[in-house]
Amino acid sequence: MKPDGKVVLLGDVNVGKTSLLHRYMERRFQGTVSTVGGAFFLKQWGPHHISLWDTAGREQFHGLGSMYCRGAAAVILTYDVTNFQSVVELEDRFLALTDTANRDCIFAVVGNKVDLTDACACVPEAEDGHLSEKPISSSVPTKVKKQVRMDDAIAFYKKILKYKMMDEKDAPAAEKMCFETSAKSGYMVDQLFETVFDMVVPTILEQKAEGSSQTVDLHNYKTAKNTQPGCCR
Ligand SMILES: Nc1nc2c(ncn2[C@@H]2O[C@H](COP(=O)(O)OP(=O)(O)OP(=O)(O)O)[C@@H](O)[C@H]2O)c(=O)[nH]1
Ligand SMILES: [Mg+2]
């Protein structure tokens, strides 16, 4: 089956791309090994099928990134909130890989591992693997220093728009497209993917309409041929 749309996760090694995908698709946080090449999941979203591509952050696979981004309807640029360099890398190494994405590609900027820095992101997981509704109290110790603030992510999102030569007025608002997540606790993970999917649906519908208008309908063609007057009748 051919997916209707493509969403790609990009970002430096160890930021948690694979963990975010596992959390969303399999509803759990499990041990990962550093990704080799790339892999994808298929997600049904309403009547549409969306492929979700996980890519390798390791330098040696960097060349594959633009291949994975080819024709992408959305790119999720992921960093680690405890590692400022991971945002720098997004700008320096990963943004250019998105040149092969769709012209109207949607961008989301995601700061992962926020459970390490923000007590409110430490939502306990129930035994069945689902998330509890109730956040644990703010007394949860968060020992790691947050190196990337939301303002930094918003500034980076604006740089993306500039790079893509998009007017801020015509693009989705930075506040809507910048997320802080925890693959470990599940914090904001569904919201991230669901926002992105909702935003790619119009592109999918447009592509489907374009595709069907380019398809020759033989039945209608015959009818038209039989009923239209022509010079060779
Ligand atoms: N505390 C915490 N650790 C996380 C989180 N997400 C991932 N990790 C850990 O970070 C490490 C890297 O996670 P991966 O998901 O493999 O990272 P990746 O971005 O896929 O890395 P590459 O495949 O090498 O590019 C693992 O040890 C994860 O357990 C998170 O939200 N919170
Ligand atoms: Mg990975």
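As the structure lists them, so they are numbered: ligands from 1, and atoms in each ligand from 1.
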Checklist entry - Which salt bridge (charged side-chain N to carboxylate O under 4.0 Å, His left out) pairs, counting each pair once, include a residue from residues 67-83, with sequence neighbours left out? => result Asp80-Lys113
Checklist entry - Does anything in residues 150-159 pair up under side chain to side chain donor-acceptor pair (under 3.5 Å), and if so which pairs, sequence neighbours excluded? => result Glu91-Lys159, Arg149-Asp152
Next on the checklist: Quick check against the 3.5 Å criterion: does Lys6 have a side-chain atom that pairs as donor or acceptor with the backbone of Tyr68?
Outcome noted: yes
Checklist entry - Side chains of Asp190 and Tyr24: closer than 4.5 Å at any heavy-atom pair? => result yes
Next on the checklist: Which residue in the set Asp54, Thr18, Asn14 passes side-chain contact (heavy atoms from CB on, under 4.5 Å) when paired with Thr32?
Outcome noted: Thr18
Checklist entry - In the shown structure, where waters are left out, how many protein N, O or S atoms lie under 2.8 Å from the Mg ion (ligand 2)? => result 2
Next on the checklist: What I want to check is whether the side chains of Asn112 and Thr181 have a donor and an acceptor closer together than 3.5 Å.
Outcome noted: yes
Checklist entry - Would Phe94 and His62 satisfy ring-ring contact (aromatic ring centres under 6.0 Å, His included), going step by step from the backbone distance to the final call? => result CA-CA 8 Å; Phe94 292 94; His62 196 63; 5.2 Å; yes
Checklist outcome for this item: Output for ligand 1, non-hydrogen cut-off under 4.0 Å, lists Asp12, Val13, Asn14, Val15, Gly16, Lys17, Thr18, Ser19, Phe29, Thr32, Ser34, Thr35, Ala56, Gly57, Asn112, Lys113, Asp115, Leu116, Ser182, Ala183, Lys184
Next on the checklist: Could you go through Tyr79 and Val148, starting from their C-alpha distance and side-chain angles, then the distance that decides it, and tell me whether this counts as side chain to side chain contact (heavy atoms under 4.5 Å, CB included)?
Outcome noted: CA-CA 9 Å; Tyr79 64 90; Val148 190; 3.5 Å; yes
Item to check | Side chain proximity check, Leu10 to Thr78, heavy atoms < 4.5 angstrom | outcome: no
